[in-house]
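Quick note: numbers below take in every heavy atom, side chains included, and nothing from hydrogens, waters or symmetry partners.
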Amino acid sequence: MADFKNILTDMKGGVLHLTVNREDKMNALNFETLEELRSIFDEVSDNKEIKAVIITGSGEKAFVAGADISEIASLNEVNARKFSENGQEIFSMIENCHKPVIAVTNGYTLGGGCELAMACHLRIATANAKFGQPEVNLGIIPGYGGTQRLTILIGRGKANELMMTGDMIDAEEAKTLGLVNYVLPTKEEALAKAEELIAKILSKAPLAIGMIIDCVNSAYLPDENGFQTEANSFARCVKSGDYKEGTSAFLAKRQPHFKGE
Ligand code: COA
């Protein structure tokens, strides 16, 4: 993996750790950082050595405090649409990645930061994490998929409230609402929990994991029939060696050894 200016990368046992590293700007996502995310996720899909991804923010104060407001301040109608579509496209790459992606949200997880976390498959927060979509304070709305993903994750009423008021919620409330899966006291513990979950997921059949991601995502794509996607994916699973391995291991009362084939 190449070196990037704004994102630190570290491979540990098949898990790619990404750290958004603009600590003096609360890890705000500027265009350059977004494009780095695009390059990284291009490689994640192609590189067989990478089995899973964990994304976190540098330091203790912020996961990502939003898109970089210094770049947002001079948009016009034409490039604002492109700005939004571009961010949506990159976050969809993350959401549709067939390898598990977990956000470990330490501190401020606001605006584009909350949208980035929501594009990941699971979210683990540190106790000091704060979530919100404060774009309304800037006269704009979430533009990287937040209006859609927040509504799906926490329901229409609460999503409307958070986006209309711009209020922040703490980690425990985020967990109660279903925005995060777990809350851990420290970043180290949150990262350890992410690694534990990834180890468990990676012990399962990789093709089935990719199919689950596709089917779950299709639940909120209005042009897709999620039940049909499920039936098609189910049928594709039974063509895999992992299906034969999983079922025969169960019947032989032994542990399965999946190969992702
Ligand atoms: N874009 C660009 N810079 C940002 C930023 C963002 N989204 N969020 C924080 N920063 C910068 C600040 O401008 C400041 O830079 P400076 O030291 O050069 O002045 C630095 O990060 C530290 O932020 P500061 O506001 O001094 O810290 P704080 O602890 O007082 O407040 C926040 C933290 C996150 C509450 C506050 O920075 C904030 O509200 N940020 C914007 C959040 C937002 O609206 N996000 C959605 C954007 S669409």
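Annotation for Arg38: atom CZ counts as buried by contact number, over 12 foreign heavy atoms lying within 6.0 Å. More than 12 heavy atoms of other shown residues, nucleotides or ligands fall within 6.0 angstrom of atom CZ in Phe4. Other residues, nucleotides and ligands contribute only 12 or fewer heavy atoms inside 6.0 Å of the CE atom of Met164. Residue Phe227 qualifies as open at atom CZ: its count of foreign heavy atoms under 6.0 Å is 12 or below. Surrounding CZ of Arg156 are at most 12 heavy atoms belonging to other residues, nucleotides or ligands under 6.0 Å away. Atom CZ of Phe250 is surrounded by 12 or fewer heavy atoms from other residues, nucleotides or ligands within 6.0 Å.
With a 4.5 Å cut-off on side-chain heavy atoms, Val104 and Leu184 do not count as touching. Considering only heavy atoms from C-beta on, Met211 stays 4.5 Å or farther from Asn232 through its side chain. With a 4.5 Å cut-off on side-chain heavy atoms, Phe91 and Leu34 count as touching. Side-chain contact check for Leu122 versus Ile201: some heavy-atom pair is nearer than 4.5 Å. A 4.5 Å side-chain heavy-atom check between Lys61 and Met26 finds at least one atom pair inside the cut-off.
With no hydrogens or angles considered, no side-chain donor-acceptor pair links Ser39 and Asp42 at under 3.5 Å. Side-chain atoms of Asp68 and Ser70 include a donor-acceptor pair closer than 3.5 Å. Under 3.5 Å, the side chains of Thr229 and Asp214 contain no donor-acceptor pair of N or O atoms.
The distance from the OG atom of Ser203 to the CD atom of Gln255 is 8.5 Å, given to the nearest 0.5 Å. Interatomic distance, Ile50 CD1 to Lys48 NZ, rounded to the nearest 0.5 Å: 12.0 Å. With rounding to the nearest 0.5 angstrom, the NE2 atom of His121 is 10.5 Å from the CD1 atom of Ile209.
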Go through the steps to decide whether Asn128 and Thr126 satisfy the test side chain to side chain donor-acceptor pair (under 3.5 Å), and finish with yes or no. CA-CA 5 Å; Asn128 74 336; Thr126 56; 2.6 Å; yes
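Residues Lys5 and Glu32 are paired through a salt bridge, judged by an N-O separation under 4.0 Å between the basic side chain and the carboxylate. Ion pairing of Lys82 with Glu85 is absent here, as no side-chain N (NZ or NE/NH1/NH2) approaches a carboxylate O to less than 4.0 Å.
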